[in-house]
Amino acid sequence: MRLRNITGSREMIAENEFVIHQPEQNKGKWNTVFKNTNPIHIEIGMGKGKFLHTLAQNNPGVNYLGIEKYSSVLLRAIQKMEEAPLLNLRFIRMDAESITEVFGKEEVERIYLNFSDPWPKDRHAKRRLPSAEFLNRYDSILKKDGRLEFKTDNRELFDFAVEQLPVAGWRAEAVTYDLHKDNALMEGNIMTEYEEKFSSMGNPICKYIICR
Ligand code: SAM
C-alpha cells in the first residue's frame with residue numbers, strides 16, 4: 001500500500017508518542033516498553049492499522065506492535081490511535097528485513113501477515129513476507145509454540161507461501177482457500193482494510209495458521 005506521499009509524514013512520526021523510535025534498543029526487553037509481562041503479538045506490513053487496533057481493543061492482556069515500512073501509511077494508524085488511544089498498541093516504522101535486530105530470541109508469541117505485497121517477479125521472491133527467507137527470520141524471534149497467521153486474496157502468493165513451509169521447516173495447522181465460508185476459522189475474524197475491499201469484490205480469502 002503506497003498512499004500518496006504525505007509531505008512531512010516522516011517528521012510527524014519522528015515526534016509521535018505511539019511510535020517506538022530506535023526499536024533495536026528494546027531488543028529482548030519489549031516488556032519494559034509496555035511495563036508488564038503480557039505476551040507480544042506483531043503484525044508485519046500493518047498498513048493503516050485497523051486490524052491491529054481492533055485486536056488491541058479486544059485483548060487488553062496482549063501487547064501489540066504494528067510494523068510498517070512507509071511513514072505516509074503509518075500516519076493513518078497513528079491518527080486512529082489519537083482518536084482512540086490504547087496502552088497495549090505501539091508502532092514501529094521499519095523494513096521487516098531487519099526484524100531480528102529488533103526482537104530477541106523467542107520474544108514474540110504471534111505474528112500476523114495480512115495481504116502482504118506479492119512481489120510477482122521471481123527475482124523478488126525473497127522479498128515476499130511469507131518466503132522461506134522471512135520464515136527463517138521469524139523462526140528466531142517466535143516462541144517455540146508460537147503461531148504465524150497469514151491472510152491474502154492473492155492465490156499465487158498463497159500457493160507460494162504454502163510451498164515455502166517445508167523448505168523452512170514449518171507446518172500448517174489450519175488452511176482455508178475461502179475463509180469467509182469457513183465457520184471455524186471465521187470465528188473472531190477481524191477484517192483488514194484490504195480484506196474488506198477484496199472480499200466485497202467477491203474474491204475468496206485464503207488463510208493459514210502455521211507453526212514449527
Ligand atoms: N495489512 C494491511 C491490510 O491487510 O489492509 C495492509 C496491506 S498492504 C497490501 C501491505 C503493507 O505492507 C503496505 O503498507 C506496505 O508498506 C507494507 N510492507 C510491505 N513490505 C514490508 C516490509 N518489508 N516491512 C514492513 N512493511 C512492509
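In listed order, ligands and their atoms are each counted from 1. Side-chain atoms are counted along with the backbone in the values below, which use heavy atoms only and exclude waters and symmetry mates.
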Test: Arg137 cationic atom under 6.0 Å from Phe134 six-membered ring centre, within 45° of axis:
yes
Decide whether an N or O pair under 3.5 Å exists between Phe115 and ligand 1.
no
Hey, does the side chain of Asn16 reach the backbone of Phe18 with a donor-acceptor pair shorter than 3.5 angstrom?
yes
Going by the closest heavy atom to atom 2 (C) of ligand 1, which one wins out of Arg93, Glu196, Met46?
Met46
Go through ligand 1 atom by atom and flag the ones less than 4.0 Å from a non-hydrogen atom of Thr192.
3 (C), 4 (O), 5 (O)
Among Lys80, Lys48, Lys50, which one satisfies salt bridge (charged side-chain N to carboxylate O under 4.0 Å, His left out) with Glu193?
Lys80
Under 3.5 Å, side chain of Ser200 to main-chain N/O of Glu196, donor-acceptor pair present?
yes
For Met94, the ligand 1 atoms with a heavy-atom partner under 4.0 Å come out as 24 (N), 25 (C)
Check: Glu149 side chain, Tyr112 main-chain N or O, donor-acceptor pair, under 3.5 Å
no
Within less than 4.0 angstrom of ligand 1, does Glu195 place any heavy atom?
no
Which of the numbered atoms in ligand 1 are below 4.0 angstrom from a heavy atom of Glu193?
5 (O)
If we number the atoms of ligand 1 from 1 as shown, the ones under 4.0 Å from a heavy atom of Asn114 are 1 (N), 2 (C), 4 (O), 7 (C)
If only atom types and distance count, is the side chain of Lys105 paired as donor or acceptor with the main-chain N or O of Gly28 below 3.5 Å?
no
Under the 3.5 angstrom rule, does the side chain of Glu43 hit a backbone N or O of Leu65 as a donor-acceptor pair?
no
Based purely on interatomic distance, does Glu97 place a nitrogen or oxygen under 3.5 Å from a nitrogen or oxygen of ligand 1?
no
Whether the side chain of Asn154 engages the backbone of Leu157 through a donor-acceptor N/O pair (distance < 3.5 Å, no angle test) should be reported.
yes
Is there a heavy atom in Glu43 that sits closer than 4.0 Å to ligand 1?
yes
Pick from Asn59, Asn38, Asn88: which one makes a side chain to side chain donor-acceptor pair (under 3.5 Å) with Tyr64?
Asn59
In a check of side chain to side chain donor-acceptor pair (under 3.5 Å) between Lys151 and each of Thr176, Thr192, Asn189, Asn114, which one passes?
Asn189
Which residue from Arg128, Lys50, Glu68 reaches closest to atom 16 (O) of ligand 1 through any of its heavy atoms?
Glu68
Short N or O distance, Ile67 and ligand 1, threshold 3.5 Å exclusive:
no
Close-contact set for ligand 1 against Tyr70 heavy atoms, below 4.0 Å:
16 (O)
Do any nitrogen or oxygen atoms of Lys69 lie less than 3.5 angstrom from nitrogen or oxygen atoms of ligand 1?
yes
Arg127 heavy atom under 4.0 Å from ligand 1
no
Mark up the atoms of ligand 1 that fall under 4.0 Å of a heavy atom belonging to Asp95, in ascending order.
22 (C), 23 (N), 24 (N)
